[in-house]
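In this chain, numbering begins with 1 at the start of the sequence shown.
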Amino acid sequence: MKVANIAVSSNADALDKLFSYIINDDIEANINIGQRVLVPFGKTNKLLTGYIISIEEPFNYDMNKLKYIHSTIEEFPILSYFDLLLIDFLRDSYFCTYTEAISIIIPKDLKDVKGNKIINVLNTGKELEGKYLKEIYQNIWNLIKHNPNEYTKNSFSKTFNISSSSINTLLKKGFIIEAPKVVYRYDNKEYNKYDIINLNSDQKNVFDKIMSSEKKKFLIRGVTGSGKTEIYMHLVGEMLECGKDSIILVPEIALTPQMIERFKGRFGSSIAVFHSKLSQGERFDQWQRVKRGEVKIAIGTRSAALLPFNNIGMIIIDEEHEPSYKSDFDPKYKAHEVCEFRCSLFNAKLVLGSATPSLETYLEVEKGETEILTLEKRVNDIPMPKVTVIDLREELRSGNRGIFSTLLKVKIAERLKRKEQIILFLNRRGFSTFVSCRSCGYVFKCSRCDISLTYHFDADNMKCHYCGETTAAPKICPKCSSKYVKYFGIGTQKVEEEIKRLFPGAKAIRMDFDTTRKSNSYEEIYSSFKNNEADILIGTQMVVKGLDFKNVTLVGVIAADLTLNLPDYKSSERTFQLICQVAGRSGRGEKEGEVIVQTYCPDHFSIVSAVKNDYLNFYNNEIQIRKLMEYPPFTRLLLINLSSKIEKDAMDSAKKIHAMLKDENILGYNILGPSPCPLYKIKDNYRYQIMIKDYFDNDYIKQVKKNIYNIIKSKYFDVTATIDLNPNSLL
Ligand code: ADP
Ligand code: ZN
Ligand code: ZN
């Protein structure tokens with residue numbers, strides 16, 4: 001007899017440990033680590049699902065005190081040895097439970113998903129012919145026997161135009177048989193073949209370096225349109241030749257239709273597509289194809305990083321700077337870290353690609369941990385678009401208070417006349433109440449945190465959402481004494497109205513959260529613009545990614561300041577990335593492209609660098625600020641969020657937790673807050689936050705998490721507490 005240490009499926013934090021059970025001799029031969037079992041649990045011996053994490057000899061256990069495993073659920077292990085290592089990694093890196101870790105690496109409700117029932121027309125029916133069938137069935141049988149095939153009940157009934165009771169008679173008499181069969185529910189759509197393109201010498205250079213280098217981690221920094229995707233496909237093809245698996249991660253499936261088209265068109269049905277918009281059944285099928293080794297390539301969003309391949313040769317993360325690679329739900333994992341861990345298990349290579357790499361990634365390049373490969377030119381000598389900056393302060397001085405600068409209006413009219421297309425970009429994320437001077441561009445910031453202050457309408461004051469500092473709303477600009485101190489607030493809808501007013505003949509379509517809520521609306525807007533059914537596409541960051549419209553020759557950034565002044569230490573980085581990406585949408589065809597960037601801060605290095613498409617200039621500026629202000633990647637930032645429908649409880653629990661943290665702060669960590677979240681009320685929940693910004697380790701976080709839950713459990717039952725390390729957003 002042996003002992004199995006088992007993680008039981010449960011949402012209770014208290015049950016997040018291993019429980020020991022005896023493996024009955026009867027089942028011992030069939031039991032392995034990773035297998036799912038049922039175990040009797042607690043006083044009532046209620047049966048719970050468990051996962052065998054390890055198996056030991058019984059010597060260290062008092063066998064009289066242990067219960068027996070009830071039964072196995074499948075004959076084979078659902079979790080591989082590699083999966084178990086991954087679970088350890090997730091638990092240690094993201095402070096999650098066994099149940100949370102397992103929930104993201106196997107599909108939901110595994111046991112509930114079954115194959116379809118299939119009807120099979122049998123030749124054996126022939127021998128029975130005539131003997132057992134009434135005339136009316138004989139006629140049907142004559143028809144069926146000449147069409148032997150597999151049918152679902154539904155298609156069988158349709159093909160032969162017979163009722164389900166007739167089918168049952170045929171089944172009963174043994175003319176046809178019914179059997180379950182797994183039928184994969186995945187996209188069987190035929191994609192246009194996408195032939196191999198020979199790499200040019202720059203691309204070939206990148207490819208060769210990756211294949212021959214001893215290094216394990218690479219960054220391809222290549223401007224938009226430099227042919228990164230083609231390099232990815234060559235790398236994946238090479239892996240396929242060596243019999244190894246590849247995973248390609250993309251930020252968002254809906255926003256990368258071209259990428260999927262190309263991979264499907266090149267690799268056909270040997271590729272699994274995996275993303276969050278799949279139905280549960282589809283997800284399960286894709287997962288199974290990978291698990292059974294039926295595919296060697298998967299392309300998908302963040303969660304595809306966890307697919308159960310067991311011979312990984314390469315993982316590619318495209319647009320690696322995108323925030324969607326970090327999960328906002330427990331386990332709050334970052335795809336880069338998970339991929340790096342999985343690559344280390346298989347001695348595989350990790351390839352990151354971007355025109356605007358994240359600060360974290362580029363710092364790794366500087367430290368020599370990641371090998372850098374650069375593509376400075378677009379393929380086929382297509383030039384980068386020409387970028388012009390418009391100083392909105394000067395527009396104001398010359399009497400133009402509208403949304404569009406004089407130059408942008410002229411350029412729009414010009415394009416409309418030439419029947420070329422225009423993209424207008426405005427990043428209004430609903431939340432944009434920073435305070436600035438429209439005359440000189442001065443933005444009110446917190447002196448301690450270097451973060452834009454947020455205007456609060458109700459109290460008519462400004463608040464820092466990092467440290468909680470509050471100041472009265474100013475009436476006069478401290479820099480230039482003008483009275484044009486304003487709270488910023490325009491949106492895409494306003495842009496659309498203005499376009500209609502100024503250019504009544506133009507057809508404009510809007511792409512933002514409001515217009516794409518229905519499931520297919522993104523594709524509809526995308527194809528109608530692609531088919532030249534509209535002249536102007538107005539949108540938020542959705543219009544930024546991966547779109548390749550050959551007829552777009554003008555891109556207008558309406559107000560670069562909107563992202564620049566979000567109350568977030570990453571706002572400069574986001575601004576630089578967004579402007580570069582959106583500029584990359586212009587002039588992708590034969591006609592030369594142009595970009596107009598409107599801003600109140602034309603001298604800000606994010607904008608200056610984006611205009612020159614100078615990544616290194618941006619990086620060198622921003623990395624110094626991060627270092628000086630002690631922000632990631634130089635420190636870690638732990639965000640603690642308390643939310644409740646009862647306002648007082650949200651606030652009190654935040655204060656109490658803050659006091660606890662301060663009390664136990666032996667190492668003198670930098671603890672900020674508590675302060676109301678920038679988005680103070682979401683779905684009737686009041687939200688407070690506390691931030692710890694310092695050089696702490698994972699053990700400290702685990703201790704903090706434990707203490708927080710103790711406080712919540714002791715008193716604040718209605719409060720939900722979450723923690724997030726280096727979160728995407730502090731809103
Ligand atoms: P990126 O991913 O860097 O934005 P893409 O891979 O999408 O760039 O390439 C941009 C365009 O150039 C695509 O239409 C692609 O088919 C084409 N392309 C890529 N590599 C080559 C090549 N070696 N020769 C000719 N065309 C190429
Ligand atoms: Zn001013
Ligand atoms: Zn502050």
- Item | Pair E319-Y325, side-chain donor/acceptor within less than 3.5 Å | no
- Query: Is the shortest side-chain N to carboxylate O distance from E622 to R626 below 4.0 Å?
  - Reply: yes
- Carboxylate-amine/guanidinium contact R415 D535, below 4.0 Å: no
- Message: Whether the T553 and E420 side chains hold a donor-acceptor pair (N or O, under 3.5 Å, no angle test) is what I'd like checked.
- Response: yes
- For this output row, return yes or no: ring centroids of F605 and F576 closer than 6.0 angstrom. no
- Distance only, no hydrogens: is a donor on one side chain within 3.5 Å (strictly under) of an acceptor on the other, for N532 and N551? yes
- Task: Using only heavy-atom distances, determine whether the side chains of T599 and D561 contain a donor-acceptor pair under 3.5 Å.
- Result: yes
- Message: Tell me whether the count of non-hydrogen atoms from other residues, nucleotides or ligands lying under 6.0 Å of CZ in F634 goes above 12.
- Response: yes
- Student check: side-chain heavy atoms of V597 and V387 closer than 4.5 Å: yes
- Message: Between the side chains of K334 and E337, is the shortest nitrogen-to-carboxylate-oxygen separation below 4.0 Å, so that they form an ion pair?
- Response: no
- Task: Compare all side-chain heavy atoms of Y700 with those of I692 and state whether any distance is below 4.5 angstrom.
- Result: yes
- Task: Go through the side-chain N and O atoms of S324 and E252 and say whether any donor and acceptor fall under 3.5 Å apart.
- Result: no
- Just by distance, do the side chain of E594 and the backbone of L554 share a donor-acceptor pair under 3.5 Å? no
- Can a cation-pi geometry be assigned to K645 and Y686, taking NZ or CZ under 6.0 Å from the six-membered ring centre and within 45° of the ring axis? no
- Dump the intermediate steps for ring pair (Phe, Tyr, Trp, His ring centres under 6.0 Å) on Y442 and Y600, then the final yes or no. CA-CA 8 Å; Y442 180 82; Y600 287 99; over 10 Å; no
- Message: Looking only at side-chain N and O atoms, does T361 offer a donor or acceptor that is under 3.5 Å from a partner on E320?
- Response: yes
- Honestly, is R636 close enough over Y631, meaning NZ or CZ under 6.0 Å from the six-membered ring centre and within 45° of the axis? no
- Partners passing salt bridge (charged side-chain N to carboxylate O under 4.0 Å, His left out) against E376 (at least two apart in sequence or in another chain): R221
